[in-house]
Engineer: 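Got a structure for you, questions after.
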Amino acid sequence: MTSSVTADGNLFILAAPSGAGKSSLIRELLNKHHDGSMQVSVSCTTRAPRPGEKDGVHYHFLTKAQFEARIEQNEFYEWAQVFDNYYGTSRTVIEETLKQGVDVFLDIDWQGANQVREAYPQVQSIFIMPPSLTVLEQRLRNRGQDSEEVIAKRMAKARAEISHYHDFDYLIMNDDFDASLQTLEHIVLARRQRMPLQQMRHAQTLKDLLANGQ
Ligand code: 5GP
């Protein structure tokens with residue numbers, strides 16, 4: 001995945017403080033485009049599954065030793081420590097999926113985003129912002145999944161995540177879910193029309209159009 005003049009899928013990073021609505025936006029976007037043209041990357045993590053989370057669907061749940069072995073073997077495209085746990089993106093899955101022409105979304109934090117920008121400069125990064133810290137805290141509480149201590153930690157992490165917003169290519173202010181979904185979709189669809197990709201996809205048509213009536 002070195003050349004930008006290939007029919008590779010597009011790589012997108014979606015980052016946000018937890019509670020900003022990022023997961024719901026990705027889920028809805030994928031529901032809307034269920035033609036196999038886009039996929040969200042399933043990360044590996046050492047954190048415990050939350051109620052309802054399934055191994056291989058929400059995350060690949062690994063032990064600390066398993067995760068560290070994968071770091072050693074350079075199996076991660078990017079990885080980071082978030083809270084007290086490791087999170088990482090499998091290198092081969094991303095590379096193979098992009099090669100198949102499928103767009104891939106990485107739901108990762110700012111530390112992972114920095115690593116991906118280094119490795120793959122053409123990545124498009126999108127930051128989803130909650131309309132306020134009060135709304136963010138309310139959303140974390142409404143999940144009813146975390147203790148007070150965890151919520152306090154998540155709010156501190158949210159502030160840290162927000163402070164990196166300016167490193168991203170796009171900013172979506174998520175105060176209206178439907179409008180944000182539409183904006184996200186526009187960004188993705190616009191990216192698909194970029195020139196090198198279009199030249200490859202429509203090579204014959206472009207040749208015919210330029211043939212000067214011969
Ligand atoms: P949660 O535990 O709430 O699912 O995720 C906590 C944070 O870890 C979120 O900001 C999420 O974006 C981030 N995260 C999830 N998967 C990855 C990953 O593979 N790499 C990195 N760097 N961050 C991740």
Side-chain angles (χ1 to χ4, degrees), residues 11-27 29-30 39-64 66-71 73-98 104-120 123-130 133 136-165 167-168 170-172 174 184:
L11 186 61
F12 296 95
I13 297 171
L14 278 170
S18 50
K22 173 177 62 172
S23 310
S24 314
L25 282 171
I26 303 183
R27 195 174 48 240
L29 185 69
L30 289 169
Q39 219 170 280
V40 64
S41 157
V42 179
S43 295
C44 299
T45 184
T46 56
R47 84 149 162 75
R50 296 200 183 108
E53 284 186 337
K54 289 196 183 73
D55 189 35
V57 176
H58 298 91
Y59 281 104
H60 299 289
F61 294 100
L62 303 180
T63 63
K64 200 166 171 238
Q66 286 171 327
F67 199 102
E68 285 172 349
R70 292 195 189 191
I71 295 174
Q73 285 148 17
N74 197 25
E75 283 184 23
F76 290 116
Y77 197 52
E78 62 74 35
W79 65 272
Q81 208 158 353
V82 184
F83 305 117
D84 301 322
N85 290 299
Y86 288 128
Y87 291 81
T89 306
S90 154
R91 180 185 304 283
T92 42
V93 175
I94 301 304
E95 291 181 352
E96 311 261 296
T97 312
L98 288 175
V104 177
F105 294 95
L106 304 179
D107 172 350
I108 61 178
D109 80 330
W110 67 272
Q111 306 173 79
N114 281 347
Q115 295 169 46
V116 175
R117 282 190 201 99
E118 285 266 306
Y120 198 69
V123 66
Q124 297 290 291
S125 60
I126 304 163
F127 197 92
I128 318 277
M129 197 69 100
L133 288 175
L136 192 71
E137 187 165 348
Q138 198 53 53
R139 288 183 189 162
L140 287 180
R141 287 185 187 286
N142 288 348
R143 285 201 218 170
Q145 289 178 339
D146 298 317
S147 65
E148 279 302 311
E149 194 196 337
V150 170
I151 288 176
K153 256 178 145 179
R154 284 186 179 277
M155 285 304 292
K157 174 72 171 60
R159 288 190 166 88
E161 191 74 31
I162 286 171
S163 73
H164 293 274
Y165 83 91
D167 292 331
F168 288 74
Y170 299 94
L171 174 68
I172 299 180
N174 188 18
L184 178 60

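As the structure lists them, so they are numbered: ligands from 1, and atoms in each ligand from 1. Position 1 is the first residue of the sequence; numbering continues from there.
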Engineer: Are E118 and N114 close enough that a side-chain donor and a side-chain acceptor fall under 3.5 Å?
Structural biologist: no

Engineer: Would you mind checking which non-hydrogen protein atom is closest to atom 7 (C) of ligand 1, with the distance to 0.1 Å?
Structural biologist: V82 CG1, 3.8 Å

Engineer: Does G88, backbone or side chain, put an N or O under 3.5 Å from an N or O of ligand 1?
Structural biologist: yes

Engineer: Treating R139 as the side-chain partner and A20 as the backbone partner, does any N or O pair qualify as donor plus acceptor under 3.5 Å?
Structural biologist: yes

Engineer: What are the atoms of ligand 1, with element, lying closer than 4.0 Å to any heavy atom of A80?
Structural biologist: 22 (N)

Engineer: Between T46 (side chain) and Y86 (backbone), is there a donor-acceptor pair under 3.5 Å?
Structural biologist: yes

Engineer: Name the option, out of S43, G19, S23, that contains the heavy atom nearest to atom 19 (O) of ligand 1.
Structural biologist: S43

Engineer: How long is the straight-line distance from OH of Y165 back to CH2 of W110, given to the nearest 0.5 Å?
Structural biologist: 15.5 Å

Engineer: Pick whichever of Y86, Y59, W110, Y87 has a heavy atom sitting closest to atom 2 (O) of ligand 1.
Structural biologist: Y87

Engineer: Out of curiosity, S125 OG to F12 CZ, how far, rounded to the nearest 0.5 Å?
Structural biologist: 10.5 Å

Engineer: Starting from atom 9 (C) of ligand 1, what is the nearest protein heavy atom, named by residue and atom, and what distance separates them?
Structural biologist: K22 NZ, 4.3 Å

Engineer: With distance as the sole test, does E78 use its side chain to make a donor-acceptor pair with the main-chain N or O of A113 at under 3.5 Å?
Structural biologist: no

Engineer: Purely on distance, is any nitrogen or oxygen of D109 under 3.5 Å from one on ligand 1?
Structural biologist: yes

Engineer: In the protein, which heavy atom is nearest to atom 3 (O) of ligand 1, and how far is it?
Structural biologist: R50 NH2, 3.0 Å

Engineer: In this structure, does ligand 1 have an atom that sits under 4.0 Å from one of the heavy atoms of R47?
Structural biologist: yes

Engineer: Any idea which protein heavy atom is nearest atom 20 (N) of ligand 1, and the distance to it?
Structural biologist: E78 OE2, 2.7 Å

Engineer: With a 4.0 Å cut-off, would you call D84 and K153 a salt bridge?
Structural biologist: yes

Engineer: Numbering the atoms of ligand 1 from 1, which are under 4.0 Å from a heavy atom of D107?
Structural biologist: 11 (C), 12 (O), 14 (N), 15 (C), 16 (N), 17 (C), 24 (C)

Engineer: Tell me, please: is R154 in heavy-atom contact with ligand 1, that is, under 4.0 Å?
Structural biologist: yes

Engineer: Nearest 0.5 Å please: distance from the CZ atom of R70 over to the CH2 atom of W79.
Structural biologist: 14.5 Å

Engineer: Under 4.0 Å from a heavy atom of G112: give me the atoms of ligand 1 that qualify, with their elements.
Structural biologist: 22 (N)

Engineer: Would you check if the side chain of R117 reaches a backbone N or O of D167 as a donor-acceptor pair within less than 3.5 Å?
Structural biologist: yes

Engineer: Could you tell me, atom by atom, which parts of ligand 1 come under 4.0 Å of a heavy atom of T89?
Structural biologist: 19 (O)

